[in-house]
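Lettering follows sequence order; numbering is per chain, from 1. Bear in mind that the values here come from a model prediction, so they are computed numbers and not experimental data.
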Amino acid sequence: MGTSPNKAARISGAASIHRFYSENAWIEGKAEEQLDAVAAMEGIIAIAAFPDLHPGKYGPVGSAILSDRIYPQLIGNDIGCGMSLYALDLPARKFRLDKAARKLRLLEGVWDGDAGARLASDGLPPDLHPNALGTIGGGNHFCELQVVDTVLDDIGLERGQLMLLVHSGSRSFGTEVFSSVIDHSGGFDPDSETGQAYMEAHRQAVLWASLNRAIIVERAARALHCDFRPVCNAPHNLIEPGPRGLLHRKGAAKADMPIVPLAGSRDALSYLLKPNRHKPEALASLAHGAGRKYDRRSMTGRAGVTRSDRENLSRTSFGGLVICEDRQLLIEEAPQAYKDPAHVVGQLQAARLAEPVAALKPLLTFKKATPEGHQASARKKWNSLGTRRAER
DNA sequence: ATGTTC
């Protein structure tokens, strides 16, 4: 790994923090405190903070942290989590929202493919959490059907093109890796046995998470009877060893690629960004989404209080649908819990970090399905059939 | 975040 080129900053106490947001950004004081706390940790060289910044369990989400020590807690359990975007070979006029919603429900179950073979072909042990492979998970994870709404630059996409954005990670495997590191509070020397063991498990988790997203799109495309092509794959929760040190991205998208997705909330546009490569202080990273405005707990009472509120959370102002048949999750992930992604993009533009090249409108967000939900939708369908019969 | 949590 070598020593840091900025040892003076390290010895003098706190690493430099570059904030890529203005006073107009919604940034909680607790997130700022977490930035300062991380800057004071041993071996931290530099920090970049993005406008989707919000407090996390161990550190600020929405930041890139360059360090000469390994800090597993800055990454947490979902090692390798990220966003993969695909263009679907599905004509928009052939697309039926209600039918697609029914078909995508199969993502809830386990994948029936040959997990062992796919793991092996990616150089991973075939018995590495095979049953979790190809599943979305919970929390802020989702699989969203989108339509290209605006094109600002030629990136091979046209208005009306259907897309699939997959946000998922390393599921139970990443959790196992993180929970197996004991006493990580002081970080690890990259040359130590513990540090090297963690980095090897971490490397596998990053590959696992990327494969997981690839299998999720395969499952979705098969259900929708269409082909697909990858547009970008941007992890935002990982450590990347490099010439300047160990770059920890905690909810900051890897941005040294042509196009980086910035996810909106269920009821807001997502954006495709073209990163500005001439900003080394951004640590080759960008905001990864809108960023939370309110934490999960405080969403109770703030959204989905009445039954009709909750029903409204399953529909979007764009005429889209949200499949989230877990009441608590529906409330925690309500659009109101998130900042405005357009504002986050505006902050990145103002900081000259990136330019938007396309905006994507959500059509169908799949998060969680239950057998009860299936019965409910079947009942609804039956009822509507009855209504139609009655009308005749 | 997590086949969680009794």
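If you check every strand for non-hydrogen atoms under 4.0 Å, N237(A) touches nothing. G139(A) comes within 4.0 angstrom of sugar-phosphate atoms only, judged by non-hydrogen atoms across all strands, and of no base. Within 4.0 Å (heavy atoms only), G137(A) reaches sugar-phosphate atoms of the nucleic acid but no base atom. Backbone-only engagement by G138(A) is indicated by non-hydrogen atom pairs under 4.0 Å involving sugar-phosphate atoms exclusively.
Rounded to whole angstrom, the span from the OH atom of Y58(A) across to the C1' atom of dT2(B) amounts to 12 Å. Atoms CD (E176(A)) and C1' (dT4(B)) sit 15 Å apart, rounded to a whole Å. In this entry the distance linking CD of E332(A) with P of dT2(B) reads 12 Å, nearest Å. Straight-line distance from the CG atom of L329(A) to the P atom of dT4(B): 15 Å, rounded to whole Å. Straight-line distance from the CG atom of L133(A) to the P atom of dG3(B): 13 Å, rounded to whole Å. Rounding to whole angstrom units, CZ of residue R171(A) and P of dG3(B) are separated by 5 Å. Taking atom NZ of residue K368(A) and atom P of nucleotide dT4(B), one finds them 11 Å apart after rounding to whole Å. The interatomic distance linking D326(A) (CG) with dT4(B) (C1') rounds to 13 Å, in whole Å.
For the residue pair Q347(A)/S22(A), the side-chain donor-acceptor check at 3.5 Å is satisfied. Side-chain polar atoms of R266(A) and T365(A) form no donor-acceptor pair below 3.5 angstrom. Judged purely by distance below 3.5 Å, without hydrogens or angles, the side chains of N233(A) and R213(A) pair a donor atom with an acceptor atom.
A salt bridge does not link D154(A) to K274(A): none of the charged nitrogens lies less than 4.0 Å from a carboxylate oxygen.
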